[in-house]
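All remarks here apply to the structure that follows.
This is a predicted model, so every value here is computed, not measured. FYI, side chains are in, hydrogens and waters are out, and symmetry mates aren't considered; it's all heavy atoms of this structure. Every chain is numbered from 1, with letters handed out A, B, ... down the list of sequences.
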Amino acid sequence: MSAELRSNFLRTQIENDLAKGQVSELVTRFPPEPNGFLHIGHAKSIAVNFGLAEQFGGRCHLRFDDTNPEKESQEFIDSIQEDVRWLGFEWSGEVRHASDYFEQFYEWALYLIEKGMAYVCDLSPEEAREYRGTLTEPGKNSPYRDRSAEENRSLFCRMRAGEYADGERVLRAKIDMASPNINLRDPILYRIRHATHHQTGDQWPIYPTYDFAHGQGDAVEGVTHSICTLEFEDHRPLYDWFIKHLPVPHAPRQIEFARLNTSYTVTSKRKLKQLVDEGIVSGWDDPRMPTIAGLRRRGYPAEAIRHFCEEVGTSRSDSLVDVAMLESAVRDRLNKFAPRAMCVMSPVRVELTNLLVPLQLSVQNHPSDSSFGHRELTMNSALLIDRDDFREQANKHFKRLVLGKRVRLRGSVVIEAESCDKDENGNVTTIYARCVTQEAGLDPEDGIKPKGVIHWVCASTAIPAVVRRYDRLFCTPEPGRSENLLDVINPHSLTILDDVMVEPALRDANPEAVFQFEREGYFVADRFDHVSEKPVFNLVIGLRDTWSDKNV
RNA sequence: UGGGGCGUCGCCAAGUGGCAAGGCAGCGGGUUUUGAUCCCGCCAUUCGGAGGUUCGAAUCCUCCCGCCCCAGCCA
């Protein structure tokens, strides 16, 4: 990766901890709950955790925070692993699960009971809410708060034995019902859920809460820096409370950073699901989705996503990053690594009146990197160019083909338009032109140079393809803030062009291969739909355009 | 009106008492067989506001203002 790693508070903190010898090796973890697909926000967290481990020569674990079996599944465990790998990271050791430590957590719960720091509470969820108090009023002690250790142990063991119904009892820590921090008002450690768990099956009728599992999981794994997002900051006193009172083998430290938000994007699971359910997109991996699977299918390179995450920095201030920054990272990467090709989106025929013998052309695959080599193109008298690249007449700003004017064909000769045929509606059907030069790389002998260059394909050898042009899914920078998501959907987020013509070699493009279609943008052969019999390309991102909106 | 955070250029973001990096966006100009890329230049006398400490403050202190998070047996 790049040599420039900007300073941020996490790196500074870790440098200090390492320098002072407080930790000898950095250990981080990426702890997703397997209850949905990963999105760009998770990518940031992944980049932070794995990136830090990489930078400081430490290790990063992948641990599934699987404490809520009713919402989780193996399907998500699989897709999350695929996404992390695709992003270019490899976790240290085996995949871990919070559920791997359920027995240990249970032992620790018993330990707290013995020490009088936890009790079984019979309050119903509704009653518990009333006892909890509000943001401004303290809570009240549960009437079950002073049960003896023996009674608590017995009750808790019977909870584990499955003797009670869901929701009937919980195990709570005995901390302080009057704490201004609601997380410390006797938080729940275990709840009863007679649910089959994707990893542990029917072994457990009780499951630990996030608060009781996360820090202890970190402790078991020797995690030194447990990096999470800002909304967990209020949980830190509780995190520390468990670490302090339990005989854990190691004391991890929680540090929070601001989650990534990007403009024109929504990442809430509920809203993403709504897009899928209402058919606004084709699925969780639709190329317009901010999911990792969606970005991948869109053709965004993993390297660009990683670079973007580094570029935006890591801080503690809530922010909304301009999605143009992500797009810039994508263009930057693709400009260097995407081979060039030609694709005519809206074909119109050109007859070269004076080309008697077909030209064999050798065209560079990359304008500034010869290692991409050359490709052989045949050009005969029948060509296809884009409808937008021809006008019967135009002002001086138009640098393409105009009747009586010249233009260069990319990688080939200079032509001059002489006349055109039109149908009854006035649409141009055929343009007649003559070659002004006889071979590629030459300028006209009369010294009248063409003003521009246009792309083309050979009418007889080009092959048809489908192009899906994607645009932003939303027409407002903060779609998540609107009352109804459907009100801010961009109705033009997808345009399908099914009569485009591409160079014949593109038939053999591998799925997920990205090309720059010259003068148009970057396009990726669809991961699933592209086949040589019917090539399908998705627009990754258009070329930067500093001209179109300034002119008519 | 309880608690916890955050406020540096349009958007991100360095900076931790010595005189405001960088990226994105934007704007000029140059090169160019992609109106792309690339290159050059411009873009915060000022760090949410007001006081104070200091030879010196974005950095320390005080007060004020604004925004975000927390009352799941979700994570």
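Here A:Arg544 reaches the OP1 or OP2 of B:rU37: one of its side-chain N or O atoms lies under 4.0 Å away. Considering only side-chain N and O atoms, A:Arg185 lies nowhere under 4.0 angstrom from the phosphate OP1 or OP2 of B:rG2. Note on A:Arg193: a side-chain N or O is less than 4.0 Å away from OP1 or OP2 of B:rC74. For A:Ser7, no side-chain nitrogen or oxygen approaches OP1 or OP2 of B:rA14 to under 4.0 Å.
Side-chain N/O atoms of A:Arg340 and base N/O atoms of B:rU34 include a donor-acceptor pair closer than 3.5 Å. Between the base of B:rG4 and the side chain of A:Asn181 there is no donor-acceptor pair shorter than 3.5 Å.
In this model, no donor atom of one side chain and acceptor atom of the other lie less than 3.5 Å apart for A:Ser319 and A:Ser317. At a cut-off of 3.5 Å, with distance as the only test, a side-chain donor of A:Asp218 or A:Ser226 sits close to an acceptor on the other residue. Side-chain contact annotation: A:Glu72 with A:His198, donor-acceptor N/O pair under 3.5 Å present. Using modelled atom types and a 3.5 Å distance limit, the side chains of A:Arg331 and A:Gln516 yield no donor-acceptor pair. Between A:Asn365 and A:Arg375, the side chains place a donor N or O and an acceptor N or O closer than 3.5 Å (distance only, hydrogens not considered). Side chain to side chain, A:His61 and A:Glu221 meet the donor-acceptor criterion of an N or O pair below 3.5 Å. Between A:Arg340 and A:His455, the side chains place no donor N or O within less than 3.5 Å of an acceptor N or O (distance only, hydrogens not considered).
Counting any heavy atom pair closer than 4.0 Å across all strands shown, A:Asp211 reaches no nucleic acid atom. Residue A:Leu320 is in sugar-phosphate contact alone, with no base atom involved, counting any heavy-atom pair closer than 4.0 Å across all strands shown. Nucleic acid contact class of A:Arg169 (heavy atoms, under 4.0 Å, all strands): none. Here A:Gly411 lies in heavy-atom contact (under 4.0 Å) with a base. Residue-level contact check: A:Ile541 touches neither bases nor backbone, having no heavy atom under 4.0 Å from any strand. Counting non-hydrogen atoms under 4.0 angstrom, A:Phe232 reaches a base of the nucleic acid. Residue-level contact check: A:Arg6 touches the bases, meaning some heavy atom is under 4.0 Å from a base atom.
Following rounding to the nearest Å, A:Glu231 (CD) and B:rC69 (C1') show an atom-to-atom distance of 8 Å. Atom P of nucleotide B:rA71 and atom CG of A:Asn183 are separated by 8 Å, given to the nearest angstrom. Counting to the nearest Å, the P atom of B:rC68 and the CG atom of A:Leu260 are 18 Å from each other. Put simply, CD on A:Glu439 is 14 Å from C1' on B:rU33, counting in whole angstrom units.
Taking the 5.5 Å centre cut-off and the 30° plane limit, the aromatic side chain of A:Tyr210 is not classed as stacked on B:rA75.
When the P atom is used for both B:rA58 and B:rG18, the distance is 11 Å, rounded to whole Å. Taking atom C1' on both nucleotides, B:rU53 is separated from B:rU62 by 11 Å, rounded to a whole Å. Atom P of B:rU59 sits at a distance of 15 Å from the matching atom of B:rU46, rounded to the whole Å. Nucleotides B:rA20 and B:rC9 have their C1' atoms positioned 11 Å apart, rounded to a whole Å. Using atom C1' as the reference point in both B:rC73 and B:rA13, the two lie 41 Å apart (nearest Å). The separation of B:rA75 from B:rC39, taken at their C1' atoms, amounts to 49 Å, rounded to a whole angstrom. If you take atom P in B:rG22 and the same atom in B:rA44, they sit 11 Å apart, rounded to whole Å. Nucleotides B:rC61 and B:rG29 have their C1' atoms positioned 49 Å apart, rounded to a whole Å.
Helical stems involving RNA chain B, defined as 3 or more consecutive Watson-Crick or G-U pairs under 3.5 Å, span B:2-7 with B:65-70, B:10-12 with B:22-24, B:26-30 with B:38-42, B:48-52 with B:60-64.
Map A:Leu442 and A:Thr12 each onto its nearest nucleotide of RNA chain B; the residue landing nearer the 5' end is A:Thr12. Remark on RNA chain B: of its neighbouring residues A:Arg316 and A:Glu520, the 5'-side contact belongs to A:Arg316, judged by nearest-heavy-atom nucleotide.
With hydrogens and angles ignored, the 3.5 Å screen pairs a side-chain donor or acceptor of A:Thr12 with a backbone N or O of A:Asn8.
Within 90° of 0 lies the glycosidic angle of B:rG72, which makes this nucleotide syn.
The two residues A:Tyr207 and A:Arg193 have their closest heavy-atom pair at CE1-O, 3.3 Å.
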